[in-house]
Amino acid sequence: MIRVPILHQPQLSLSREDCLQISHPNSKWKEKECVSLLKKCKAMKELKKIHGQMLKLELLYDSFCVSNFLATCALSSWGDMDYASIVFSHIDDPGTFEFNTMIRGHAKSFDFDRALKLFVEMLERGISPDNFTYPFILKACANLGLMKLGRKIHGQVFKLGFHDDLFVQNSLMNMYGRCGNVKDSCAVFMGIQQKSAASWSALVTAHANLGMWWECLEIFGEMMIEGSFKAEESILVSLVSACTHLGALHLGKSAHGYLLRNLSSLNVIVETCLLDMYIKCGSIENAVTLFNNMSAKNLLSYSVMISGLAMHGSGHEALMLFSEMLEQGIEPDDGVYLGVLSACRHSGLVEEGLRLFEKIKLEHRIQPTIQHYGCILDLLGRAAKFDEAFNLIEEMPMAPNVVVWRSLLSAARIHFNLEIGERVARNLMQLGSDNAGDYVMMSNMYARAQKWTDAAAARSIVADRGLDQAAGLSLVEARKKVYRFVSQDKSHCNWEEVYEMIHQMEWQLKFEGYVPDTSEVLHNVDEEEKKQRLKYHSQKLALAFALLHTPENTDIRIVRNVRMCRDTHAYTKFISVIYNRKITVRDRNRFHHFNDGTCSCKDYW
DNA sequence: TTGCAGTCAA
């Protein structure tokens with residue numbers, strides 16, 4: 001980096017005594033003048049002029065003026081840390097304030113290493129840190145992920161008696177939280193006497209970082225019960241984000257209303273966050289309305305909207321929006337192309353997908369990532385174009401991963417192509433997939449082709465390696481609250497009522513011709529036991545609960561953490577007819593809109 | 001004369 005030379009540097013070698021001798025008798029007046037000039041300063045150019053004037057007015061050894069100068073130079077948005085560093089190096093006897101200023105300046109410009117080095121220098125020179133020093137240092141630790149050091153500093157904070165300072169406590173919470181240590185973050189939180197909005201915010205962020213969305217909502221609820229806080233923008237954005245992950249549409253809507261009532265205008269980030277919430281909570285209509293009314297749209301807003309339309313199966317609309325984005329002169333990146341390709345993928349637009357894939361490389365000179373290849377391979381597999389798919393794998397600049405093979409395995413299953421399935425399976429096994437679902441899929445394929453030995457072999461891999469299917473979780477919103485269900489769940493206070501509902505549903509389903517499909521149940525148990533496990537599947541419990549606790553004729557929205565299995569997919573189709581409800585299920589990959597016995601995914605997912 | 005959290009996708 002280019003170092004800005006200090007003005008009239010040779011003159012700085014004047015000794016302190018020289019300066020004191022020539023010092024103006026009315027120095028207090030000059031100090032005031034100098035500080036007021038610094039306050040008005042708006043650019044480095046002006047600041048350098050002031051530096052020159054300070055020299056003329058013999059203020060370069062006035063510690064008050066120099067400290068103010070340093071703070072302006074290091075902390076202003078237009079400031080210059082290199083210039084500040086030179087000024088700092090000329091201070092004979094820097095104290096806590098000067099060190100704090102420099103550490104803060106470095107932390108502000110994301111140079112956390114230098115911030116920490118300066119802290120070490122401070123300690124070596126015997127200058128005591130104060131309660132202002134620690135927040136910056138802890139911020140540096142948080143950003144560098146240095147929890148061990150952070151913990152040491154926590155000890156130092158205790159020794160020096162700053163552990164009661166609210167800012168230090170919040171910074172400690174944030175440090176632990178950012179380092180993924182929720183437990184210690186909570187421990188600090190519990191010890192805070194007078195919690196501030198930032199304390200709550202740090203607690204939410206700590207949980208959000210680990211994807212503990214459910215806990216985020218609970219914390220927000222507790223914060224509201226304490227009552228002394230007005231929810232502010234940043235914490236509401238975290239709340240909206242938690243709603244997005246949990247599919248809590250009503251709560252998300254309330255947050256949107258709250259934001260509109262309490263802020264004069266919403267910025268692009270907040271609006272994009274809300275946009276994502278509406279999309280992921282299944283309300284594409286609300287998302288479209290919000291998007292059309294956004295005051296400003298950036299690459300990310302378009303990107304979110306395009307992949308949103310893709311997830312909901314509106315491929316053509318997504319591509320139209322992409323053209324609009326290009327017309328607006330917004331340069332696409334690899335992320336937005338991922339949305340565009342997944343739009344083709346979810347809607348089966350093979351030709352369009354291949355054309356756009358070429359465009360990425362040629363027109364925009366973007367190097368496709370493995371995810372882009374994954375989209376195209378899925379698209380080809382779905383269209384049973386297996387030769388093209390294998391050719392593309394050959395051409396890929398990177399080795400295919402399990403995700404790529406898995407999508408082809410799924411395609412082989414759909415087209416009942418055992419030869420392709422076996423070929424893909426060999427590759428998956430070679431990569432040592434630890435996904436139980438892969439082996440179930442393989443085993444089912446072998447079983448279908450009556451290759452019993454191979455079918456058993458695939459299953460025994462699961463047992464030998466101790467793999468298990470991810471614990472299925474279903475979330476459903478009713479009565480403005482989110483309810484969570486796991487398989488065989490009896491943790492809810494009115495679980496008996498839900499189980500009773502399941503019996504009723506089952507009876508009607510049988511009448512309509514539903515037969516449980518146990519082929520994707522992994523457990524090594526007999527058929528009856530498998531049926532029993534399917535019966536109280538988390539999604540079925542959530543459906544029963546929603547049917548009981550939401551008004552008739554309203555839509556039901558469910559969020560899943562794993563891909564939907566075939567049995568629940570068929571089950572939900574039947575339920576949509578029998579109870580005349582529109583049911584939206586968000587699984588790991590996409591949305592399924594069930595209505596009148598059919599699903600928007602057209603049974604490919 | 002100084003401080004904490006601070007946001008949107010795969």
Side-chain angles (χ1 to χ4, degrees), chain A residues 31-32 34-36 38-39 63-72 74-75 95-105 107-108 129-139 142 162 165-175 177-178 185 188-189 192 195-206 208-209 232-242 244-245 255 259 266-280 294 297-308 310-311 333-342 369-372 374-375 403 588-589:
Chain A
E31 273 181 5
K32 259 186 150 177
C34 176
V35 172
S36 94
L38 285 169
K39 273 190 185 151
S63 74
F64 183 75
C65 287
V66 173
S67 296
N68 268 287
F69 181 86
L70 190 72
T72 312
L75 306 175
T96 307
F97 179 82
E98 289 75 23
F99 268 100
N100 284 353
T101 305
M102 289 304 289
I103 291 171
R104 185 181 168 201
K108 205 170 166 248
D130 62 8
N131 53 326
F132 287 89
T133 319
Y134 288 104
F136 312 131
I137 291 303
L138 289 165
K139 187 180 179 175
F162 295 126
D165 184 293
L166 184 57
F167 278 68
V168 175
Q169 287 168 318
N170 289 342
S171 303
L172 278 166
M173 277 186 71
N174 184 43
M175 182 275 295
R178 293 278 294 270
S185 188
V188 177
F189 181 79
I192 302 177
K195 295 167 179 78
S196 66
S199 322
W200 288 97
S201 178
L203 193 66
V204 171
T205 313
N209 279 341
E232 42 183 282
E233 188 179 359
S234 76
I235 203 158
L236 278 166
V237 170
S238 301
L239 179 74
V240 171
S241 187
T244 307
H245 289 89
L259 282 161
L266 304 184
N267 64 29
V268 193
I269 295 176
V270 174
E271 284 191 313
T272 310
C273 187
L274 286 164
L275 186 67
D276 196 41
M277 184 275 292
Y278 283 119
I279 290 168
K280 301 260 172 72
M294 271 171 80
K297 293 166 192 160
N298 61 16
L299 176 62
L300 205 62
S301 354
Y302 271 102
S303 196
V304 165
M305 194 66 222
I306 289 169
S307 24
M311 259 186 267
D333 69 348
D334 58 334
V336 78
Y337 262 113
L338 208 55
V340 171
L341 292 185
S342 80
T369 65
I370 192 132
Q371 283 114 312
H372 295 100
C375 269
V403 182
R588 216 187 156 88
N589 300 323

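Model, not experiment: these values are computed from the prediction.
Taking 4.5 Å as the limit, some side-chain heavy atom of A:M294 sits within range of a side-chain heavy atom of A:T272. Residues A:I279 and A:M305 are in side-chain contact: their nearest non-hydrogen atoms beyond the backbone lie under 4.5 Å apart.
With distances taken from any side-chain atom of A:S67 to the nucleotides B:dT2, B:dT1, B:dG6, the minimum falls on B:dT1. Closest approach to the A:E233 side chain among B:dT7, B:dC8, B:dG6 is made by B:dT7 (side chain taken as heavy atoms from C-beta onward). Distances from the side chain of A:A198 to the nucleotides B:dG6, B:dC8, B:dC4 place B:dC4 closest. Closest contact between the side chain of A:Q371 and the listed nucleotides B:dA10, B:dG3, B:dG6 involves B:dA10. Ranking B:dA5, B:dT7, B:dC4 by closeness to the A:I269 side chain, first place goes to B:dT7. Nearest nucleotide to the side chain of A:R104, out of B:dA9, B:dT7, B:dT2: B:dT2. For A:N68, counting side-chain heavy atoms from C-beta on, the closest listed nucleotide (B:dA9, B:dC4, B:dT1) is B:dT1. For A:K139, the side-chain atoms get nearest to B:dC4 when compared with the rest of B:dC4, B:dA9, B:dT2. Looking at the side chain of A:L338, the nearest of the listed nucleotides B:dT7, B:dT2, B:dA10 is B:dA10. In the set B:dT2, B:dA10, B:dT7, B:dT7 carries the atom at the smallest distance from any side-chain atom of A:V270.
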Verdict with reasoning, A:T244 to A:D276, per side chain to side chain donor-acceptor pair (under 3.5 Å): CA-CA 7 Å; A:T244 307; A:D276 196 41; 4.8 Å; no
Criterion side chain to side chain contact (heavy atoms under 4.5 Å, CB included) on A:S67 and A:T101, from CA distance to verdict: CA-CA 8 Å; A:S67 296; A:T101 305; over 6 Å; no
A:S196 vs A:N170, side chain to side chain donor-acceptor pair (under 3.5 Å): CA-CA, chis, key distance, verdict: CA-CA 9 Å; A:S196 66; A:N170 289 342; 3.2 Å; yes
Side chain to side chain contact (heavy atoms under 4.5 Å, CB included) between A:K139 and A:S171, intermediate numbers included: CA-CA 7 Å; A:K139 187 180 179 175; A:S171 303; over 6 Å; no
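At a threshold of 4.0 angstrom between heavy atoms, the contacts of A:N298 with the nucleic acid are absent. Residue-level contact check: A:S307 touches neither bases nor backbone, having no heavy atom under 4.0 Å from any strand. Across all strands, A:N131 comes closer than 4.0 Å to base atoms (heavy-atom distances). Among the heavy atoms of the strands lying under 4.0 Å from A:K280 are primed sugar atoms or P, OP1, OP2 only; no base atom is included. As judged by a 4.0 angstrom heavy-atom cut-off over every strand, A:F136 is placed among residues touching the sugar-phosphate backbone only. Among the heavy atoms of the strands, none lies under 4.0 Å from A:N589.
Counting to the nearest Å, the C1' atom of B:dC8 and the CG atom of A:D276 are 7 Å from each other. Remark: P of B:dA5 and CG of A:L172 are 12 Å apart, rounded to the nearest angstrom. Between A:M305 atom CE and B:dC8 atom C1' the separation is 14 Å, expressed in whole Å. Between the CE atom of A:M175 and the C1' atom of B:dG3 there is a distance of 16 Å, rounded to whole Å. In this structure, the CG atom of A:N267 is 11 Å from the P atom of B:dT7, given to the nearest Å. Counting to the nearest Å, the P atom of B:dT2 and the CD1 atom of A:I137 are 19 Å from each other. If you take CG of A:L38 and C1' of B:dT2, they are 15 Å apart, rounded to a whole angstrom. Straight-line distance from the NZ atom of A:K108 to the P atom of B:dA5: 13 Å, rounded to whole Å.
The aromatic rings of A:F162 and A:Y134 sit tilted, their planes meeting at an angle between 30° and 60°.
For A:N174 and B:dA5, the shortest distance from a side-chain N or O to OP1 or OP2 is below 4.0 Å. Under 4.0 angstrom from either OP1 or OP2 of B:dC4 there lies no side-chain N or O belonging to A:R178.
A:N170 contributes no side-chain N or O that forms a donor-acceptor pair with the base of B:dG3 under 3.5 Å. Side-chain N/O atoms of A:T272 and base N/O atoms of B:dC8 include a donor-acceptor pair closer than 3.5 Å.
Under the stacking definition used here (centres under 5.5 Å, planes under 30°), the residue A:F132 qualifies as stacked on the base of B:dT2.
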